[in-house]
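Reviewing the structure listed below.
So you know, we letter chains A, B, ... as the sequences are listed, proteins then strands, and number each from 1. Everything numeric here is computed off the predicted structure, so don't read it as measured data.
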There are 2 protein chains.
Amino acid sequence: MHQLCLPTGLTADEMERLDRIIGRRRTVLRGEALYRLDAPFHSLYAVRLGYFKTYQADRHGAVQITGFQMAGDLLGLDAIGAGRHPCDAVALEDSEVCEIAYASLQQLLIAMPALLRHFHRVMSGEIMREQSVMQLLGTMQAPQRFAAFLVNLSARYEARGMASQQFRLHMSREEIGNYLGLTIESISRLLPRFKREGLLRIDNRDIEILDPARLKALAAGAIAR
Amino acid sequence: MHQLCLPTGLTADEMERLDRIIGRRRTVLRGEALYRLDAPFHSLYAVRLGYFKTYQADRHGAVQITGFQMAGDLLGLDAIGAGRHPCDAVALEDSEVCEIAYASLQQLLIAMPALLRHFHRVMSGEIMREQSVMQLLGTMQAPQRFAAFLVNLSARYEARGMASQQFRLHMSREEIGNYLGLTIESISRLLPRFKREGLLRIDNRDIEILDPARLKALAAGAIAR
DNA sequence: CGTGAATTTGACTGACATCAACTCAGGTGG
DNA sequence: CCACCTGAGTTGATGTCAGTCAAATTCACG
């Protein structure tokens, strides 16, 4: 199941038609690219299994990770506009995606208003997500950024019916830092600090949120201290 | 003319049908809101005249401007997902918009594949724009951010066939700074510096780009110095 | 086990924020 | 006509958060 099929008011028949346009599955091993910058756009990809990151690099090598995608997320929405992918998508671990040819999807959107509506919700949601990252990068201090990151991850797991208090960070400290506009060292200092303050339990890349309320308050801007 | 009608391969008949769903015009005076946070979403708005800013505020009052919209831009795409507007949209000067009821638009998208395709391009373009702001906020230093901001404005004017070397900053220093994750003071120091370096001519809010190539190089990451 | 990568920790630095005083432009009313 | 007021913008002095650099430690994996 992925973002495109889940919470739409589709009939069984419609679901089947959606299934039919979902193309071949593709395995992407850890560290491999699903697509690269400037690759021509033909398809969206629904993550079935695993974890991805998307990132841009300017010509002087400065990298910015623009998102982490987990099972259920849709990759490639940013490529529709220009007809080429504006970023790299790389698997953080061995992963599996479904290809969804954009041309076929378009056909189906026309035939299925509920799906159209849903597709727009997904795209709009991506715009909202990026706006909140802008807010994070533009106005928050380091501890607040990191708290917001954890709260957001937790919420995404919860939305998928997975453990939301206890999960694994599938990305490295460096990748977290990059996403949050911070350095690996800053993340590395934040972790023991949050632990000391009783917010988290940390075992390497495994995290347990001990005080969700306080973490949320911190993320929401309860003056970082 | 706005983003939705311009570069689509629509027939004259199709153009007319698009025109017909475009609802009443609405004037928004300087400082007034086109819509507010949490207002229910019914329509998109095409800016016909003037200038807007959109911004989010967290509960502790930290504001982040997420975009500046000029004639031809589309407002409200971020509201489709949740059915409410996730930000405020405020006019920077006396402005005029066209209302486009989303329900009617949906009908038309189904009937006009070229328009559907185009609408997706516009949404996808918004995602790309926000990604480049993420890159800006996440990796660039102050002078590079400001240069990128000016280059981007210039490109938008050029795309509209307006003077791209010489234009007016319709937003205050404070608003520029906020958008770029900087303070008003930083912007205020950057301006004379760019002038000293022969990049700009500045007269209050009127700007002339004297050395577009060097400004672009700076924006692209030619080590800010 | 051993090797290289990831992470942690510490000392120092610097870019930008903060605070505060000042200037300037534009509008208003006496 | 000009004195005054207000908000926007500028400039300078100082502080601080997070970056940088470097070394130590732990982890992952063959």
> Expressed in angstrom and rounded to an integer, what is the separation of A/L190 atom CG from D/dG19 atom P?
Replying inline: 10 Å
>> Suppose we call a contact any N or O donor and acceptor under 3.5 Å apart; does that hold for the side chain of B/R189 and the base of D/dG12?
In response: yes
> Does B/R26 pair with B/E99 as a salt bridge, N-O distance under 4.0 Å?
Replying inline: no
>> Does either side chain, that of B/T54 or that of B/Q69, offer a donor lying less than 3.5 Å from an acceptor on the other one?
In response: yes
>> Under the salt bridge (Lys or Arg N to Asp or Glu O under 4.0 Å) definition, can you give me all pairs with a residue in residues 140-163 of chain B, not counting sequence neighbours?
In response: B/D73-B/R156, B/D73-B/R160
>> Taking the minimum atom-to-atom distance to the side chain of B/P192, which one of D/dT11, C/dC16, C/dT8 wins?
In response: D/dT11
> Between D/dG9 and B/R205, is there an OP1 or OP2 to side-chain N/O distance shorter than 4.0 Å?
Replying inline: yes
>> Less than 4.0 angstrom from a charged side-chain N to a carboxylate O is my criterion; do B/D38 and B/R84 meet it?
In response: no
> Between atom CG in A/D206 and atom C1' in D/dA28, what is the gap in whole Å?
Replying inline: 14 Å
> Whole Å only: how far is the CD atom of A/Q141 from the C1' atom of C/dC16?
Replying inline: 12 Å
>> Can you list everything that forms a side-chain contact (heavy atoms from CB on, under 4.5 Å) with A/Q56? Sequence neighbours excluded, please.
In response: A/T66, A/C87, B/Q131, B/Q135
> Can A/R25 and A/E96 be counted as an ion pair, charged N to O under 4.0 angstrom?
Replying inline: yes
> A/I187 has an atom CD1; how far is it from atom P of D/dC17, in whole Å?
Replying inline: 17 Å
> To the nearest Å, how far apart are B/L136 CG and C/dC16 P?
Replying inline: 12 Å
> Could B/R193 and B/E197 be called an ion pair, given the rule that one side-chain N must be under 4.0 Å from one carboxylate O?
Replying inline: yes
>> Could you tell me how far apart A/R145 (CZ) and D/dG19 (C1') are, to the nearest whole angstrom?
In response: 12 Å
> CZ of B/F146 versus C1' of D/dG9: gap in Å, rounded?
Replying inline: 13 Å
>> In this structure, how many angstroms lie between the P atom of C/dA6 and the CG atom of A/L92, rounded?
In response: 13 Å
>> At less than 4.0 Å, is any side-chain N or O atom of A/N204 found next to OP1 or OP2 of D/dA28? Yes or no.
In response: yes
> Pick the nucleotide of DNA chain D nearest each of A/A142 and A/D203; which residue has the one closer to the 5' end?
Replying inline: A/A142
> Listed in order of residue number, which residues of residues 166-186 of chain B have a non-hydrogen atom at under 4.0 Å from DNA chain D?
Replying inline: B/S172, B/R173, B/E185
